[in-house]
A.B. asks: 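Have a look at this one.
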Amino acid sequence: MPTYKGNMVERTDVLIVGGGLAGLTLALQLKRRLPALDIVVLERRKHPVPAATHKVGESSVEIGADYFDVVLGLGDHLRSHQLKKFAFRFFFSDGRRDVDKVVEVGPGRYFSTPTYQIDRGIFENFLGGEVRAAGAKFLDGAVVRGFTLGDEAHRARDRESGASHQHELSRDHEVAYEHEGAQRRISARWLVDASGRAGLLKRHLGLAERNAHDANGVWFRIGARIDIDDWSHDEGWLARCEPRERWLSTNHLVGEGYWVWLIPLASGSHSVGIVADARLHPLAEMNSFDRAMRWLHRHQPRLADSLEAQRGQVQDFAFLRDFSYGCKQVFSGARWALTGEAGVFLDPFYSPGSDFIAIANTYITELVSKDIEGARVARFAKVYEQIYFDFYRIMLSIYVDQYAIFGDPEVMPVKVVWDYAYYWGVLCQLFFQRRLTDTAMLARLHTELAATRDLNEAVQPFLRAWSRVSGKRNDATMIDQAALGWFTELNRGLRDPLDDAGFDARMRENCVLLHGLAAEIV
């Protein structure tokens, strides 16, 4: 595909603005589905990027891991160049050095469905190579200067007339960008914003939307391994996990209103983050490395001790204020879309970022495919967006006003089991069984899906109310999730091959299971 300079305009079928995790995986998914498609990806940063790159989103969970592994076919890379994750693990260790004497929540052995700790630098460099090898054009060091959307003239007439509706386009979108010192223009039938928090198209269209979750985060990398097993010599405590690989978990050190993450990276670095309810732990207390260390000495002194010995190996530091947000629209019949953090962002707790990339990219790939087949995509865009926002609102309820529970050793373990059961029992089923775009199924199981959604929305405030009166006992015990037979079976069954009848039966069984679990909690 030739490049034109000056007043000449290059053309492509799909233009993806942003070549990070969301943009590169979308380009690869589109090429896997539609090999003849012309795709151009514009990325501001030069490649290769450094390992342990300055980004969050390193811990994958089941949907994101299945997307990378099975949908995109990247399992060999994940198994050979990333780290297999030993699930989530929680320690109620606020103000404590003796992590072996507090409640620990996590599995004593690996679950059946694999997840991974992903070094974003290593992964994005690999993805860039895969995208180019698949035949897409990936331009790193490309800076976007402006947009002209194909429907802007239509929308201007709509504003004048007071109308509000979507049009099928008669012309392409156009983007001006700079690359290797040259000013260039490119037109595209489809335009996708994958520019992360820059949200270039989102800002252009005025789609930004706040939500009710007010939290801040700080994070940094250190060029050394942080192994929680080194924090104790108690043989009984060490033997709770087989293998003894707690360091491979996404470890959460939790207290009232906050959690601290510890995530290992294949490059040898370790990612450390503090995420807190802004009302309980102001950002000003932790928005530099020295302030974060003082905060950790108060709240997680054992971790602070480990970090003090490694101060010389700190690799970066960053923070985000009020990091959670929504979006007014993410898919359009006017052939544009938003994916990844350019659209919505919830919270790094439970690591849903790669999940929402997987879901959004799957819908975008389906829309582009339908467009090529000659379908009028506006109605599909509306339906897929409604489902996508339903997922967003369901997950948002897990976080809003819930941080005060995080330090409760009685209630929080129950919340974790509930949240996982809902995730594995409902949301993961839809993705693993490739049912996200199955509108007939969604209509068929509408009653069951609505019931589980309403149930989750009832359980979350119940957990808050319970925590206000709980005894918050913090005994030296491990709540081994792998010892819960029904829980491990939910995880194991994610990759079961199911036909329509089998899938419907599975979803109805899980609906009954969740109602029974909610009753048991109450």
Side-chain angles (χ1 to χ4, degrees), residues 1-2 9-17 22-23 25-42 67 71-73 131 134-137 147-158 163-175 185-194 201 205 207 329-339 342-343 357-390 430-431 433-444 500:
M1 187 165 53
V9 180
E10 179 184 4
R11 192 195 177 281
T12 190
D13 296 323
V14 180
L15 176 62
I16 301 171
V17 177
T25 52
L26 174 60
L28 202 54
Q29 187 173 5
L30 285 166
K31 273 293 187 182
R32 298 278 196 263
R33 175 80 172 267
L34 304 161
L37 202 66
D38 280 329
I39 300 173
V40 174
V41 182
L42 303 179
Y67 177 64
V71 176
L72 299 183
V131 165
K137 188 173 184 179
F147 298 96
T148 302
L149 297 191
D151 67 334
E152 285 183 334
H154 289 303
R155 293 192 297 109
R157 288 196 293 272
D158 285 347
S164 177
H165 56 276
Q166 293 183 338
H167 300 267
E168 296 293 333
L169 292 182
S170 59
R171 66 187 184 91
D172 290 349
H173 311 291
E174 190 172 301
V175 173
R185 290 186 295 152
I186 183 170
S187 69
R189 182 171 177 83
W190 276 89
L191 175 61
V192 181
D193 186 358
L201 184 58
L205 294 172
L207 299 176
Q329 186 177 359
V330 291
F331 310 137
S332 172
R335 298 199 301 265
W336 57 259
L338 282 64
T339 185
I357 288 172
I359 294 167
N361 285 0
T362 296
Y363 283 130
I364 294 167
T365 299
E366 189 70 18
L367 289 171
V368 173
S369 179
K370 287 185 179 300
D371 182 42
I372 287 176
E373 293 167 359
R376 295 175 63 87
V377 298
R379 68 183 183 91
F380 293 104
K382 185 175 181 180
V383 171
Y384 296 163
E385 182 177 79
Q386 180 181 346
I387 302 167
Y388 181 81
F389 280 147
D390 280 347
L430 297 172
F431 188 84
Q433 299 296 328
R434 312 297 180 241
R435 303 282 177 163
L436 288 178
T437 60
D438 186 348
T439 54
M441 176 278 300
L442 292 171
R444 201 166 59 242
D500 287 351

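Computed over heavy atoms, backbone and side chain alike; hydrogens, waters and symmetry mates excluded.
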A.B. asks: Could you check if a side-chain atom of L205 sits within less than 4.5 angstrom of a side-chain atom of L149, using non-hydrogen atoms only?
C.D. replies: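 Side-chain contact under 4.5 Å: yes.
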A.B. asks: Who passes ring pair (Phe, Tyr, Trp, His ring centres under 6.0 Å) against Y388, sequence neighbours left out?
C.D. replies: F331, F356
A.B. asks: Applying ring pair (Phe, Tyr, Trp, His ring centres under 6.0 Å), can you list everything that pairs with Y384, at least two apart in sequence or on another chain?
C.D. replies: Y363
A.B. asks: Please walk me through it: do I359 and L436 pass side chain to side chain contact (heavy atoms under 4.5 Å, CB included)?
C.D. replies: CA-CA 8 Å; I359 294 167; L436 288 178; 4.2 Å; yes
A.B. asks: Distance from L191 atom CG to T12 atom OG1, nearest 0.5 Å?
C.D. replies: 11.0 Å
A.B. asks: Applying side chain to side chain contact (heavy atoms under 4.5 Å, CB included), can you list everything that pairs with L34, at least two apart in sequence or on another chain?
C.D. replies: L37, V368, S369, I372
A.B. asks: Please report the interatomic distance CZ(R185) to CD(E174), rounded to the nearest 0.5 Å.
C.D. replies: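 So the CZ of R185 and the CD of E174 are separated by 4.5 Å.
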A.B. asks: Residues in side chain to side chain contact (heavy atoms under 4.5 Å, CB included) with A443, at least two apart?
C.D. replies: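 Side chain to side chain contact (heavy atoms under 4.5 Å, CB included) list for A443, sorted by chain: empty.
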A.B. asks: Would you please name every residue forming a side-chain hydrogen bond (donor to acceptor under 3.5 Å, both in side chains) with E385, sequence neighbours left out?
C.D. replies: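 With neighbours one apart ignored, the set is empty.
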A.B. asks: What are the two closest non-hydrogen atoms of F147 and V17, and how far apart are they?
C.D. replies: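 Minimum heavy-atom separation between F147 and V17: CE2-CG2, 4.2 Å.
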A.B. asks: For the atom pair OG1 (T365) and CG (L28), what is the distance rounded to the nearest 0.5 Å?
C.D. replies: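 The distance works out to 10.0 Å.
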A.B. asks: Measure across D193 and L201 and return the closest heavy-atom pair with its distance rounded to 0.1 Å.
C.D. replies: OD2-N, 2.8 Å
A.B. asks: With rounding to the nearest 0.5 angstrom, report the CG to OG1 distance, L430 to T362.
C.D. replies: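 Answer for the CG-OG1 pair, L430 versus T362, is 12.0 Å.
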A.B. asks: Ion pair present between D500 and R435, side-chain N to carboxylate O less than 4.0 angstrom?
C.D. replies: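 Yes, charged N to carboxylate O under 4.0 Å.
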A.B. asks: Between the side chain of H173 and the main-chain N/O of A334, is any donor-acceptor distance below 3.5 Å?
C.D. replies: yes
A.B. asks: Excluding sequence neighbours, so at least two apart, what forms side chain to side chain contact (heavy atoms under 4.5 Å, CB included) with A27?
C.D. replies: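 Checked A27 against side chain to side chain contact (heavy atoms under 4.5 Å, CB included); matches are I16, I39, V41, V131.
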A.B. asks: So which atom in L367 and which in A381 form the shortest heavy-atom distance, rounded to 0.1 Å?
C.D. replies: CD2-N, 3.6 Å
A.B. asks: Does E366 have any salt bridge (charged side-chain N to carboxylate O under 4.0 Å, His left out) partners at least two apart in sequence or in another chain, and if so, which?
C.D. replies: R33, K370
A.B. asks: With the side chain counted from C-beta on, respond yes when D371 and R189 share a heavy-atom pair under 4.5 Å apart, and no when they do not.
C.D. replies: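 Sidechains of R189 and D371: in contact.
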A.B. asks: Once rounded to the nearest 0.5 Å, what's the spacing between atom CG of L207 and atom CG of L338?
C.D. replies: 6.5 Å
A.B. asks: Return the OG1 to CZ distance between T437 and F380, rounded to the nearest 0.5 Å.
C.D. replies: 9.5 Å
A.B. asks: Hey, are the side chains of M441 and Q433 touching, using non-hydrogen atoms and a 4.5 Å cut-off?
C.D. replies: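 The answer is no, as the side chains (C-beta and beyond) never meet within the 4.5 Å cut-off.
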A.B. asks: Does NZ or CZ of R434 lie under 6.0 Å from the centre of the six-membered ring of F431, at an angle within 45° of the ring axis?
C.D. replies: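 Yes.
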A.B. asks: Would you call R11 and D172 a side-chain contact if the rule is heavy atoms closer than 4.5 Å?
C.D. replies: yes
